[in-house]
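Working notes for the structure below.
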Amino acid sequence: GGAVRLENVRFAYDPERPILNGIDIDVPAGRTLAVVGPSGAGKSTLARLLYRFYEVTGGRILIDGQDIREVSQASLRAAIGIVPQDTVLFNDTIGYNIGYGRDGASQAEIEEAARGAAIHDFIASLPEGYATRVGERGLKLSGGEKQRVAIARTLLKDPPVLILDEATSALDSRTEADIQETLARVSARRTTIVIAHRLSTVVDADEIVVLEAGQVAERGTHAALLRMG
Ligand code: ADP
Ligand code: ADP
């Protein structure tokens, strides 16, 4: 499962000023779609519509053929995992941060998710391991380590749909490349929607949609878009 479809999606924060003007997108289950475009094009807004942080003002969004307005918030949260641009961690243990939002996750499951996010060895090397506190009064994690905690949290939830909202754009280029590799692995068998600034970070997407001023300006594979210039 996990097919995502947007039909003539429209959205405005302010009725006088439409932000998305009729977006049609079809992501078959297990495929990766990238949404790129200049700042202000409406990419983050589109991502927020997918998990119903905002409601569409026209058209509809379907997951596995079902209008997301007809799905309970709980099932929608289970269906969609988000790795945001800037992860804010709780001032609590690493284990808590990974397990947050999934009641009753076992230590073994948390460790498995950390392994998937390529952070288990690092955590195991800490004096208190998963019980290490992070945040203001605890260990300070780097931006890359925080993103890996966010990835582990999402992996633990095992959602059929993954949204990466500029998940690496706040990182230095070396860390970004490192995490891109992990994300590529994590997204391999899931429906994935990647929001990105640069075309160079979404080479492997099955389809790329270029958003400009709330409309699809171009769509195609990475190679095809490069040919169009
Ligand atoms: P992108 O992610 O492509 O940079 P956004 O979706 O963040 O674009 O923003 C698209 C437009 O919507 C911008 O003009 C932005 O100022 C506006 N916008 C974003 N969030 C809000 C909001 N909460 N209220 C009003 N306008 C917003
Ligand atoms: P992002 O692209 O990550 O959303 P922004 O700086 O565009 O970052 O937005 C930061 C916050 O401000 C978001 O919650 C967004 O919804 C809100 N926001 C952005 N633009 C506007 C706007 N023109 N009016 C009101 N809120 C806005």
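Numbering of ligands and ligand atoms starts at 1, following listing order. All residue numbers refer to positions in the sequence shown, counting from 1.
- Side-chain contact between Val134 and Asp92 is absent, with no heavy-atom pair separated by less than 4.5 Å.
- In this structure, the separation between CD1 on Ile110 and CD on Gln107 is 5.5 Å, given to the nearest 0.5 Å.
- Side chain of Glu176 to main chain of Ser169: no donor-acceptor pair is present (N/O by atom type, distance under 3.5 Å, no hydrogens or angles).
- Of the possible donor and acceptor atoms, one in the side chain of Thr191 sits under 3.5 Å from a partner among the backbone N and O of Gly30.
- Between atom 9 (O) of ligand 1 and the options Thr45, Ile195, Leu49, Asp165, the minimum heavy-atom separation is to Thr45.
- The closest donor-acceptor contact from the side chain of Thr57 to the backbone of Arg10 lies under 3.5 Å.
- Closest heavy-atom approach to atom 24 (N) of ligand 1 among the candidates Tyr54, Phe11, Tyr13: Tyr13.
- With a heavy-atom cut-off of 4.0 Å, Arg17 touches ligand 1 through its side chain alone.
- Contact analysis puts Pro38 in contact with ligand 1, with a non-hydrogen atom separation below 4.0 angstrom.
- Only the side chain of Ile19 comes within 4.0 Å of ligand 1, counting heavy atoms alone; its backbone N, CA, C and O stay farther away.
- For Gly37, the heavy-atom gap to ligand 1 stays at 4.0 angstrom or more.
- Residue-environment remark: CG (Asn21) exceeds the threshold of 12 foreign heavy atoms within 6.0 Å.
- Close contacts between ligand 1 and Ser39 involve ligand atoms 4 (O) [criterion: under 4.0 Å to a heavy atom].
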